[in-house]
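Before any comments, here is the structure.
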Amino acid sequence: NFTTVKTYYDEFDGILPPSQKKYTILGLYMTYLLSYNKISEYHTDIELIPIQELNNVFIKVPMSLEQYFVEGSYSKILSSKHNVPHPAYQFFIDKFIDAIRYEVARSAEKAYESIAIKDMASIFMITDQGELNAFIQQNNMKDGVEWHVTDNRVYFKAEKKDQKEMPATKMINLSLEYATELNRII
């Protein structure tokens, strides 16, 4: 558990010798927070890192990823996967890319009726056709939206949900009764 290790880093600083893996573990943890969409925890923890330590190569990885994400520079996120100071970062960067693709997929379902396959490859940063087909299959029926391929286009069809009607007249009458009662009390 990272919080246990962090206690040793913070509370026993000066008592115990500095850990050689402190920044590796801290950077991996920050990347973990990003990859699992724990953005508020990420920002809280990044604020606790002293300014002079922010230039550490292991800490720069999650900071760069978050900056690229905010900018919308997804190609930079993909390229950063091959330029990491420790191989363990690749796992979390892959998870981060998957999280981005998931969010973009949910937005695409709402924004478009269909998307051309070649445009999907570009939008979702997938170059391999087999991987793109697997991605389409994985997203089929997620959140109640069917994805089907016809004529080199992916079509999105949302399930019809029964919308319950709010009884407007009843709500108005109830609000008026409350207002009347409140007026009597005052």
Side-chain angles (χ1 to χ4, degrees), residues 1-6 8-9 18-112 114-143 145 147 149 152-154 156:
N1 190 339
F2 179 74
T3 53
T4 305
V5 173
K6 193 168 182 341
Y8 286 106
Y9 292 153
S19 170
Q20 295 175 353
K21 297 185 179 187
K22 174 183 178 179
Y23 296 109
T24 306
I25 292 171
L26 184 58
L28 283 169
Y29 179 68
M30 302 303 287
T31 308
Y32 155 79
L33 292 175
L34 283 176
S35 65
Y36 284 92
N37 206 17
K38 297 181 179 190
I39 305 300
S40 61
E41 291 176 48
Y42 166 82
H43 284 285
T44 301
D45 285 352
I46 204 80
E47 292 294 323
L48 298 175
I49 298 173
I51 293 173
Q52 63 273 17
E53 295 178 10
L54 293 176
N55 289 324
N56 184 288
V57 67
F58 295 103
I59 305 302
K60 281 191 170 206
V61 171
M63 289 178 59
S64 297
L65 286 173
E66 197 257 349
Q67 180 181 348
Y68 299 153
F69 177 71
V70 170
E71 292 172 356
S73 301
Y74 303 126
S75 60
K76 288 182 182 178
I77 293 171
L78 279 176
S79 66
S80 69
K81 179 178 160 180
H82 305 292
N83 189 19
V84 292
H86 192 278
Y89 280 88
Q90 292 178 350
F91 172 79
F92 291 114
I93 292 174
D94 285 339
K95 287 289 183 191
F96 189 51
I97 291 168
D98 289 345
I100 291 169
R101 285 179 178 156
Y102 177 83
E103 294 300 327
V104 171
R106 301 299 72 82
S107 296
E109 293 169 347
K110 290 175 178 51
Y112 303 104
S114 69
I115 299 176
I117 294 279
K118 64 180 174 112
D119 293 335
M120 278 197 81
S122 174
I123 290 170
F124 294 106
M125 306 168 289
I126 301 173
T127 55
D128 180 62
Q129 186 63 39
E131 189 180 339
L132 182 62
N133 289 337
F135 178 76
I136 292 168
Q137 287 301 100
Q138 288 171 349
N139 281 282
N140 186 30
M141 295 309 293
K142 271 199 179 166
D143 294 339
V145 179
W147 289 32
V149 180
N152 289 322
R153 292 190 75 78
V154 177
F156 309 113

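Residues: numbered from 1 along the sequence shown.
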Least distance between heavy atoms, P62 atom then G27 atom: CG-O, 3.7 Å

Identified side-chain hydrogen bond (donor to acceptor under 3.5 Å, both in side chains) partner of Y102 from the options N37, D143, N139: D143

Closest non-hydrogen atom pair between Y112 and F156, with its separation: O-CD1, 3.3 Å

pair I46-M30: side-chain heavy atoms closer than 4.5 Å: yes

Spacing of I97 atom CD1 and I77 atom CD1 [to the nearest 0.5 Å]: 7.0 Å

CG (N152) with more than 12 external heavy atoms under 6.0 Å: no

Other residues, nucleotides, ligands: >12 heavy atoms within 6.0 Å of K21 NZ: no

CD-CG distance between Q138 and D98, expressed to the nearest 0.5 angstrom: 7.5 Å

E109: partners by salt bridge (Lys or Arg N to Asp or Glu O under 4.0 Å), with sequence neighbours left out: R106

Nearest non-hydrogen partners of K60 and L54, listed with the distance: CG-O, 3.6 Å

Partner set under side chain to side chain contact (heavy atoms under 4.5 Å, CB included) for V104, not counting sequence neighbours: I100, I123, F124

Under the salt bridge (Lys or Arg N to Asp or Glu O under 4.0 Å) test, residues paired with E131 that sit two or more places apart: R101

Inter-residue atom distance M63.CE - N55.CG, 0.5 Å rounding: 8.0 Å

F96 to L34 - nearest heavy-atom pair and separation: CD1-O, 3.4 Å

Evaluation steps, side-chain hydrogen bond (donor to acceptor under 3.5 Å, both in side chains), between K38 and Y32: CA-CA 8 Å; K38 297 181 179 190; Y32 155 79; 2.9 Å; yes

Closest non-hydrogen atom pair between M125 and S75, with its separation: SD-N, 4.4 Å

Pairs flagged by ring pair (Phe, Tyr, Trp, His ring centres under 6.0 Å) wherever residues 42-63 is involved - sequence neighbours left out: none

Under 3.5 Å side-chain donor-acceptor pair for Q129 and N133: yes

Whether over 12 other heavy atoms sit under 6.0 Å from K22 NZ: yes

Pairing residues for A116 by the side chain to side chain contact (heavy atoms under 4.5 Å, CB included) criterion, not counting sequence neighbours: K118, D119, R153

For E71, all residues meeting side chain to side chain contact (heavy atoms under 4.5 Å, CB included), sequence neighbours excluded: Q67, Y68, S73, K76

Approximate separation, where rounding is to 0.5 Å, of F69 CZ and I39 CD1: 6.5 Å

Rounded distance (nearest 0.5 Å) linking atom CD1 of I25 with atom NE2 of H86: 9.0 Å

Which atom of A108 lies closest to which atom of I115, heavy atoms considered: CB-CD1, 3.9 Å

Gap between atom CG of L132 and atom CE of M120 - 0.5 Å precision: 6.0 Å

